[in-house]
Asker: 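The structure under discussion is supplied below as structure tokens; questions concerning it will follow.
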Amino acid sequence: MNARLNAFASPVTGKLVKHLVSAGKIVEGTTLPATTQELVKIRASQINGCGGCLDMHTKEAAAAGETSLRLNLIAAWREATVFTDAERAALELTEQGTRIADAAGGVPDEVWANAAEHYDEEQLLALVSLIALINTFNRLNVILQQPAGGYQVGQLS
């Protein structure tokens, strides 16, 4: 598969991606656990069918010590016993925030309240920002049909 356009060759898209990556670095620097951040990126990317982001974030998570068992069970987090209650709350918020167009009224209050039980205000803001950011990356990659499979850990660091 070839990408529809070379986004990295475009000055406009190059600047945009640079700023999006910078925004991601801000979230990475928060107290929202790094493990949770990768789970969120992977789950949103699964929902959106973004092969490029799945390639990147599963490899980065594995390199950071995430187990293959947990990586393989992210899509089935509701039935899996390998995630903490806080991670489950983040994954639920990720799903609701990613599928926002499917729900009249947006993210349900009970989903928000569950996340708020596990994360402080700064972490919640980081979590919401991360969900918005990964959905932006997913949409860019899916629309442009960015191919997956060739990502090397640390390639875009």
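Since the structure is predicted, the reported quantities are computational estimates derived from the model, not experimental observations.
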Asker: Would Glu95 and Trp77 count as having a side-chain donor-acceptor pair, cut-off 3.5 Å?
Answerer: yes
Asker: Can you find a heavy atom in the side chain of Glu38 that is under 4.5 Å from one in the side chain of Glu66?
Answerer: no
Asker: Restricting to non-hydrogen atoms, name the atom on Gln155 and the atom on Gly150 that form the minimum distance, rounded to 0.1 Å.
Answerer: OE1-O, 3.9 Å
Asker: Walk me through it: do Phe137 and Lys41 pass the test side-chain contact (heavy atoms from CB on, under 4.5 Å)?
Answerer: CA-CA 10 Å; Phe137 276 117; Lys41 293 172 194 174; over 6 Å; no
Asker: For the backbone of Val27 and the side chain of Thr30, can you confirm whether one donor and one acceptor N or O come within less than 3.5 Å of each other?
Answerer: yes
Asker: Could you pull out all residues at least two apart from Arg88 that satisfy side-chain hydrogen bond (donor to acceptor under 3.5 Å, both in side chains)?
Answerer: none
Asker: Walk me through it: do Glu87 and Arg43 pass the test salt bridge (Lys or Arg N to Asp or Glu O under 4.0 Å)?
Answerer: CA-CA 11 Å; Glu87 290 169 338; Arg43 186 62 190 127; over 6 Å; no
Asker: As an exercise, state the distance from OG1 of Thr58 to CD of Gln46, rounded to the nearest 0.5 Å.
Answerer: 9.0 Å
Asker: Given 3.5 Å as the limit, does a donor-acceptor pair link the side chain of Thr136 with the main chain of Ala132, or not?
Answerer: yes
Asker: Please report the shortest heavy-atom distance between Thr13 and Ser10, naming the atom on each side.
Answerer: N-OG, 3.2 Å
Asker: Do Glu92 side-chain atoms and Ala89 backbone N/O form a donor-acceptor pair below 3.5 Å?
Answerer: no
Asker: Answer yes or no: is there a donor N or O on one side and an acceptor on the other, between the side chain of Gln37 and the main chain of Leu32, under 3.5 Å?
Answerer: yes
Asker: Between Arg70 and Leu39, what is the shortest heavy-atom contact and its length?
Answerer: NH2-CD1, 3.6 Å
Asker: Would you say Tyr119's side chain and Leu125's backbone share a donor-acceptor pair under 3.5 angstrom?
Answerer: no
Asker: Any donor and acceptor pair, going by atom type alone, linking the side chain of Asn135 with main-chain N or O of Ile131 inside 3.5 Å?
Answerer: yes
Asker: Out of curiosity, Asp55 CG to His57 NE2, how far, rounded to the nearest 0.5 Å?
Answerer: 10.0 Å
Asker: Judged by atom type as modelled, is there a donor-acceptor pair below 3.5 Å linking the side chain of Asn141 to the main-chain atoms of Gly51?
Answerer: no
Asker: State, with a plain yes or no, whether a side-chain heavy atom of Arg78 is found less than 4.5 Å away from one of Leu91.
Answerer: no
Asker: Compare all side-chain heavy atoms of Leu20 with those of Leu140 and state whether any distance is below 4.5 angstrom.
Answerer: yes
Asker: May I ask you to check whether over 12 heavy atoms, not counting those of Glu122, lie within 6.0 Å of atom CD?
Answerer: no
Asker: Would Thr35 and Phe83 count as a side-chain contact (heavy atoms from CB on, under 4.5 Å) if you check the C-alpha gap in whole Å, the side-chain angles of each, and the deciding distance to 0.1 Å?
Answerer: CA-CA 11 Å; Thr35 300; Phe83 301 105; over 6 Å; no
Asker: State whether the side chain of Asn138 and the backbone N or O of Cys50 hold a donor-acceptor pair below 3.5 Å, judged by distance alone.
Answerer: no
Asker: Do the side chain of Lys59 and the main chain of Gly149 share a donor and acceptor less than 3.5 angstrom apart?
Answerer: yes
Asker: Are Ile134 and Val142 grouped together when hydrophobic residues (ILVMFWY) are joined by side-chain heavy atoms under 4.5 angstrom apart?
Answerer: no
Asker: With a 4.5 Å heavy-atom cut-off, do Gln123 and Thr36 have their side chains touching?
Answerer: no
Asker: Honestly curious: do Val128 and Leu133 fall in one hydrophobic cluster under the side-chain, below-4.5 Å linking rule?
Answerer: no
Asker: Quick one: closest heavy-atom pair of Ala62 and Leu71, and the distance?
Answerer: CB-CD1, 4.1 Å
Asker: Would you say CD of Glu121 has more than 12 non-hydrogen atoms from neighbouring residues, nucleotides or ligands within 6.0 angstrom?
Answerer: no
Asker: Membership question, hydrophobic clusters at under 4.5 Å side-chain separation (ILVMFWY): are Val12 and Ile143 in the same one?
Answerer: no
Asker: Hey, quick one: are Leu130 and Trp112 part of the same hydrophobic cluster, counting side-chain heavy atoms closer than 4.5 Å, chains of contacts allowed?
Answerer: yes
Asker: Is there a path of hydrophobic side-chain contacts, each under 4.5 Å between heavy atoms of I/L/V/M/F/W/Y residues, joining Ile74 to Ile47?
Answerer: no
